[in-house]
There are 2 protein chains.
Amino acid sequence: MQERGGRVKNPTLRDVARLADVSVATASKALNGRNHVHPETRTRVLEAARLLSFTPNTLAQGLLAGQTGTVGLITGDLDGRFSIPILMGAEDAFGTGKMSVFLCDARGDSIREQYHLQALLGRRVDGLIVVGSTTNSRPSLGDLPVPVVYAYGPSTDPNDISLVPDNVQAGADAARHLVSRGRRHIAHITGDVDYAAAQDRTRGITSVLDDAGIELVGGEARYGTWSEEWGRTATARLLEEHPETDGILCGNDQIARGALDTLRDAGWDVPTRVAVMGFDNWEVFTSGARPHLSSVDMNLEVLGRTAARRLFEAIEGTATPGTEELPCRVVVRETT
Amino acid sequence: MQERGGRVKNPTLRDVARLADVSVATASKALNGRNHVHPETRTRVLEAARLLSFTPNTLAQGLLAGQTGTVGLITGDLDGRFSIPILMGAEDAFGTGKMSVFLCDARGDSIREQYHLQALLGRRVDGLIVVGSTTNSRPSLGDLPVPVVYAYGPSTDPNDISLVPDNVQAGADAARHLVSRGRRHIAHITGDVDYAAAQDRTRGITSVLDDAGIELVGGEARYGTWSEEWGRTATARLLEEHPETDGILCGNDQIARGALDTLRDAGWDVPTRVAVMGFDNWEVFTSGARPHLSSVDMNLEVLGRTAARRLFEAIEGTATPGTEELPCRVVVRETT
DNA sequence: TTGTACGCGTTATCAT
DNA sequence: ATGATAACGCGTACAA
């Protein structure tokens, strides 16, 4: 096993103290930069620690301090692409090495969620971030001994702290963008109607169009699935029924890709004849598209960072319950 | 704060013992199902624990046991889609709640990696999994007080434990599949030549074609980038120069999507005139394609689970150093 | 300036 | 069957 200058596997403060010929108390003070320790002694201790490649046991410190410097991150679907940016943002905000993150994937199963929760509470995490797989609201974890922040998917309990992307604003901004490009015959092809995201975006879109005295092509949004396939079939139907269409707002980037494919097959030029726009700004889809797809970014990294900050505040005790909606951002590319 | 039947925020074993009117020792035995404790006493303790919603402090347990029940997961790129399935597989294998996973994203920065490493060692993780962002080999973390398993991107040190997908076999299987479909004029369009994955797959492909007495169309693989764009341009050039082409092996699913788009524009039917195949089996790309794209799955969840198992073995002391190559799997859909 | 002693929450040993 | 006590590794009042 490792034997790098020292001798024991996991050197403790006692080992360091012994080697430096001081008491553990003095060693502790020296290593933690406290006062009342002779400079020469300090260097001796530091040298001993270096020699043994001593790493203080954070768990023991935490046991004493009552704070572990760890947070739990419970996500509903790791494979889903929404949790990852949020997770990265959170990890980012916690600072490298300062705070450590326990990751748990409940896979949408509340039993599994409970198991993970117990494990995390047993490890005395200082706080919890719960990331939803959709923006649909979810049952609260209830009264826990540590603060909780719900990200992406909000808690149903208004006394919890929740953070969600402002999908109404996202829809509104997208619609405004198309209108500002002179489009007057705008259709909306989107995903599963059971998704709050779909409904919220539709609401934002129609509200802006109402203000502009415009009606959605066909009178209403076209709900389906979040797939390219649906984008293609819905668009084909749309072109046939409403050849006057000059703008299509798609519920996500995959639907938009499907729309673009069908438009290309039909020989409709984008963006000259029809402008197309997606949601989510999934780079691998937007930049692979012909032409490059305009989209609305959910700013998920920001959401993750904000979640981390809110959690800190909650830990400090300066909590502000309620659901906070974070702004989204239109990214203009070649399809609009 | 929470007040669910009990009174204190974080009840300790002492609180439980006090409420059950026994000593902490007895309480501990009762809760842990040890012998030599009266049934009636046990129920009294259990009831007290339930009342206080007592959760044993895993940190204190670990302090005593010398095992923390935690592992560190250091990934090079969270956003990359390769780490996620591996991470899920590992999380899966560790068992829900049994073992907890610290997640760290080093973002490809070795300084950051060192910081995370220190934090993890300080938290006395029982082991470490290092996930690479590519299959290119990476420098070893060196001699650590805990076992390490390198997943996806292997360590350069053969004494380390490394796990990688068998890309040579993947290429070979893909080529075999196309040959078995009667294709004789097969081209290979792939990504950045600096990627070991690209080279390995090419090697597997050419070796099979050699055995079949076939040469790659154009005599060699066409390296570029891992993008749809490259798939389109490379395919356009290919069709012009080699109209005899009846099969295209694409280095990943995005390149394959690009190839399909170009073929469709050119009016070449897939799979009648040309068969197309990708690598990675990224579902969102394969099932969105027209027709559905055949691909080679890297079995990353299996790789993640295996990494977790190997780590367990290493923790138990039954280590087997070296680089292990895990099999990939051809997924046949409509393009072949 | 340095050292002694206690406590954090838990488990195991050894008495009782 | 139950309880007192030591130990895990560390920080900190307090005494020297």
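When reading the values below, keep in mind they use all heavy atoms of this one structure, side chains included, and skip hydrogens, waters and symmetry mates. Residue numbering restarts at 1 for every chain, and letters A, B, ... go by the order of the sequence lines.
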Between the protein and nucleotides 12-16 of chain D, are there any N/O to N/O pairs under 3.5 Å, and if so, what are the atom names and distances?
{"unit_1": "D/dT12", "atom_1": "OP2", "unit_2": "A/Arg34", "atom_2": "NH1", "d": "3.0"}

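What separates CZ of B/Arg14 from C1' of D/dA4 is a distance of 13 Å, to the nearest Å. Whole-Å rounding puts the B/Arg18 CZ to D/dG3 P distance at 14 Å. Protein atom CG of A/Leu63 is 9 Å distant from nucleotide atom C1' of C/dT10, rounded to whole Å. What separates CG of B/Leu52 from P of C/dG9 is a distance of 14 Å, to the nearest Å. In this entry the distance linking CZ of B/Arg42 with C1' of D/dT2 reads 13 Å, nearest Å. The nearest whole Å value for the distance from the CZ atom in A/Arg123 to the P atom in C/dG9 is 18 Å. Distance, A/Gln67 CD to C/dG9 P: 14 Å, rounded to whole Å.
For A/Gln61, no side-chain nitrogen or oxygen approaches OP1 or OP2 of D/dC10 to under 4.0 Å. A close approach under 4.0 Å does not occur between any side-chain nitrogen or oxygen of A/His38 and OP1 or OP2 of C/dT1.
Taking only side-chain atoms of B/Thr41, from C-beta outward, the nucleotide of D/dC10, D/dA1, D/dG9 with the closest atom is D/dA1. Considering only side-chain atoms of A/His36, the nucleotide from D/dG9, C/dT10, C/dT1 that sits closest is C/dT1.
Remark on DNA chain D: of its neighbouring residues B/Leu64 and B/Asn35, the 5'-side contact belongs to B/Asn35, judged by nearest-heavy-atom nucleotide. Positionally, the nearest nucleotide of DNA chain D for B/Val22 lies more toward the 5' end than for the other of B/Arg124 and B/Val22.
Put simply, the side chain of B/Tyr150 does not reach to within 4.5 Å of the side chain of B/Ser137, judged on heavy atoms.
Scanning both residues, A/Arg42 and A/Arg34, for their nearest heavy atoms gives NH2-O, 2.8 Å.
Heavy atoms of B/Leu13 sit under 4.0 angstrom from at least one base atom.
Note: B/Phe82 and B/Tyr152 have parallel aromatic rings, judged against thresholds of 30 and 60 degrees for the angle between ring planes. A/Phe102 and B/Phe102 have parallel rings, their planes meeting at less than 30° on a 0 to 90° scale where 60° marks the start of perpendicular.
Using modelled atom types, one finds no donor on one side chain facing an acceptor on the other under 3.5 Å when comparing B/Ser140 with B/Asp157. In the model, B/Ser100 has a side-chain atom that pairs as donor or acceptor with a side-chain atom of A/Arg123 under 3.5 Å.
Rounding to the nearest 0.5 angstrom, the gap separating the CD1 atom in A/Ile74 from the OG atom in A/Ser83 is 13.0 Å.
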